Structure formats: structure tokens, C-alpha cells
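Small disclaimer: the values here were computed from a predicted structure and weren't measured.
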Amino acid sequence: MLRLTVFCVFVSLCALHVSPYKRPEDKTKCPKVKVIRNFDLQEMMGHWYVVQYYASSEEDLAYKCMRAVFSLNHQTNEVSLNFTYSYTDDPDRELLVGNITWVIPDPAHPAHWVHAEESYEGIYNTYVLDSNYSSWSLLLHCAEKSKSPRYLSSFIMSRTSKLPPNVISFLRDKLPRYDIDMEYMFPMLQTGCNAPEQLLHYAPPRKKHPNKRRHPLKHPHH
């Protein structure tokens with residue numbers, strides 16, 4: 001009887017055990033991110049393909065052909081992103097154009113950017129979690145708004161349309177600590193898309209009807 005009691009207590013303690021790498025999740029606040037050191041912001045600039053994408057409010061990927069061009073304004077210390085994308089369920093394969101601008105709040109940590117547009121209510125943090133500049137990068141976006149759930153998204157990006165599986169696994173392994181649910185980290189289709197050089201012009205796409213769908217980096221939270 002004593003052995004059974006000891007065993008029950010042991011099982012109960014094991015059930016209560018929490019891994020030192022797993023902290024309680026607060027879905028109203030952005031996860032704490034350790035900013036990478038010796039980050040070369042200029043090397044991060046230029047053209048990227050988004051090869052995997054996560055958004056906390058989406059259980060099925062809505063986008064394809066997402067490509068991005070980053071640029072740096074040295075005078076204002078702002079990072080700008082222009083990107084193109086399409087919706088996977090659009091039979092017309094309409095090419096949409098988006099943009100977003102960040103400021104660098106601390107020049108000593110150029111891998112952390114904060115949303116610069118005054119129209120956004122709240123805080124929109126973007127972190128470069130890792131990059132080798134020449135072939136791959138990993139971004140985390142987190143928006144906070146008072147009395148609302150946070151909005152998390154993440155990009156695995158490549159200088160070419162594909163990344164080797166081992167590189168993707170290496171980058172995906174970095175995300176669970178930031179509360180990213182890997183079940184919903186989806187591959188981004190990069191076939192049947194427009195030629196990459198067309199990204200550099202950003203002419204507004206021809207629209208057959210007004211498109212009222214959301215901007216993938218400016219998701220409203222309620």
C-alpha cells in the first residue's frame with residue numbers, strides 16, 4: 001500500500017512538471033525575443049521569396065507567390081518592405097501589392113523593428129530571428145493592441161524560390177519558443193508566379209473588382 005501511495009505521488013509530480021523551455025503563454029503579449037548580435041542590416045536588404053508562412057489567426061494558408069523586397073532609408077533610419085502575393089483560391093491569379101514601414105527604435109539592435117505607421121493602434125514588433133543574408137532569413141512579427149489577442153506571424157525567406165529541407169528544419173526549430181504553432185506553419189507555393197524582376201516595379205495590379213480582403217501583414221485584431 002505504501003509503494004502504491006509513493007507511486008501515485010510520483011506520477012502526480014511528473015504530471016505537474018513543466019519543461020524549463022516552456023513558459024506559460026500570454027496570448028495578449030508578444031513573446032520575449034533575444035535580439036541577435038552583430039546583425040548587418042544592409043546585408044538583409046533586397047529581394048526575398050517567402051517559402052513558409054505562419055499567421056496566428058489562420059488555420060489554412062490563404063496566400064501563394066509571396067515575394068518581398070526590403071530597402072533601408074539611411075536618413076530616416078526606416079526599413080521598408082514592398083511585397084507581392086496572390087490568394088490561393090483566386091481563379092484569376094490576381095497579383096496584389098502590399099507595403100509596410102518600420103523604424104529601428106535602438107540603433108544598437110538593428111534586428112528589431114517597430115511599425116512606423118501612425119494609423120496602427122498598438123505596437124507592431126518585427127524581429128529578424130536569424131539570417132545568413134545570402135540564402136535564408138527568419139522573421140517574426142507580433143502585434144499587440146490593448147484588450148485584444150496578439151497577432152503573431154512568421155516568414156521563412158529565401159533568396160531563391162526553394163530552400164533545402166535541412167535548412168527549413170533548422171529554421172522551423174527556432175519558432176516554437178516564440179509560441180508559433182508549427183502545425184499551421186505552411187509552405188508558400190512559388191510556382192506559376194510572375195517573373196521575379198516584375199517585383200522591382202510595383203505597378204498597381206489591374207483589378208476587375210475591388211478587393212476587400214486583408215493585408216497579410218496588417219491583420220486587424222479585435
Side-chain angles (χ1 to χ4, degrees), residues 19-27 29-56 66-83 99-117 120 122-144 150-182 184-188 216-219:
S19 168
Y21 300 103
K22 183 66 175 178
R23 56 183 174 74
E25 184 177 352
D26 182 352
K27 293 189 176 182
K29 299 293 183 181
C30 290
K32 292 183 178 180
V33 177
K34 186 178 181 180
V35 180
I36 59 176
R37 296 181 179 180
N38 303 317
F39 177 70
D40 191 329
L41 182 60
Q42 187 61 55
E43 289 294 312
M44 176 75 187
M45 300 298 102
H47 171 262
W48 295 91
Y49 294 82
V50 178
V51 296
Q52 292 209 4
Y53 173 83
Y54 169 85
S56 58
M66 190 179 290
R67 299 168 181 177
V69 176
F70 291 89
S71 59
L72 175 64
N73 187 321
H74 294 278
Q75 294 181 340
T76 62
N77 207 34
E78 292 181 341
V79 176
S80 294
L81 166 63
N82 289 318
F83 61 98
N99 60 78
I100 192 169
T101 301
W102 297 272
V103 295
I104 301 170
D106 183 357
H109 299 103
H112 174 215
W113 314 334
V114 175
H115 198 251
E117 297 179 13
Y120 185 82
I123 300 172
Y124 193 153
N125 292 291
T126 293
Y127 298 92
V128 183
L129 297 179
D130 204 351
S131 180
N132 74 346
Y133 311 115
S134 62
S135 59
W136 52 260
S137 286
L138 179 64
L139 262 63
L140 175 71
H141 311 280
C142 185
E144 288 182 11
R150 69 188 176 196
Y151 176 68
L152 276 174
S153 64
S154 183
F155 291 174
I156 294 177
M157 303 190 303
S158 173
R159 293 291 189 184
T160 60
S161 60
K162 292 183 180 180
L163 278 176
N166 63 318
V167 175
I168 291 178
S169 295
F170 166 72
L171 296 174
R172 285 173 62 97
D173 286 346
K174 295 176 178 289
L175 292 173
R177 72 191 70 174
Y178 302 115
D179 304 327
I180 300 293
D181 187 343
M182 301 310 297
Y184 301 117
M185 186 81 185
F186 295 104
M188 177 70 66
L217 285 183
K218 296 181 182 177
H219 194 288

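- Residues Phe155 and Tyr53 place their aromatic rings such that the two centres sit under 6.0 Å apart.
- Under 3.5 Å, the side chains of His141 and Asn125 contain no donor-acceptor pair of N or O atoms.
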> Hey, mind stepping through Asn132 and Ser135 against side chain to side chain donor-acceptor pair (under 3.5 Å) and telling me if it holds?
Replying inline: CA-CA 6 Å; Asn132 74 346; Ser135 59; 2.7 Å; yes

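- At least one side-chain heavy atom of Leu139 sits less than 4.5 Å from a side-chain heavy atom of Phe70.
- A donor-acceptor pair under 3.5 Å is formed between the side chain of Arg159 and the backbone N or O of Tyr133.
- Distance check: Leu41 CG to Ile104 CD1 gives 4.5 Å after rounding to the nearest 0.5 Å.
- Classified by interplanar angle (parallel below 30°, tilted 30° to 60°, perpendicular above 60°), the ring pair Tyr49/His47 is perpendicular.
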> Please walk me through it: do Val114 and Thr126 pass side-chain contact (heavy atoms from CB on, under 4.5 Å)?
Replying inline: CA-CA 6 Å; Val114 175; Thr126 293; over 6 Å; no

> How far apart are the C-alpha atoms of Leu152 and Asp179, what are their side-chain angles, what is the distance that settles it, and do they pass the side-chain contact (heavy atoms from CB on, under 4.5 Å) test?
Replying inline: CA-CA 9 Å; Leu152 276 174; Asp179 304 327; 4.2 Å; yes

> Run the side-chain contact (heavy atoms from CB on, under 4.5 Å) check on Leu129 and Ile36 step by step: do they pass?
Replying inline: CA-CA 7 Å; Leu129 297 179; Ile36 59 176; 5.8 Å; no

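- No side-chain heavy atom of Ser158 sits less than 4.5 Å from a side-chain heavy atom of Trp136.
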> Under the side-chain contact (heavy atoms from CB on, under 4.5 Å) criterion, do Tyr127 and Ser154 qualify, and how do the steps go?
Replying inline: CA-CA 9 Å; Tyr127 298 92; Ser154 183; over 6 Å; no

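- Side-chain contact between Leu175 and Leu138 is present, with heavy atoms from C-beta onward closer than 4.5 Å.
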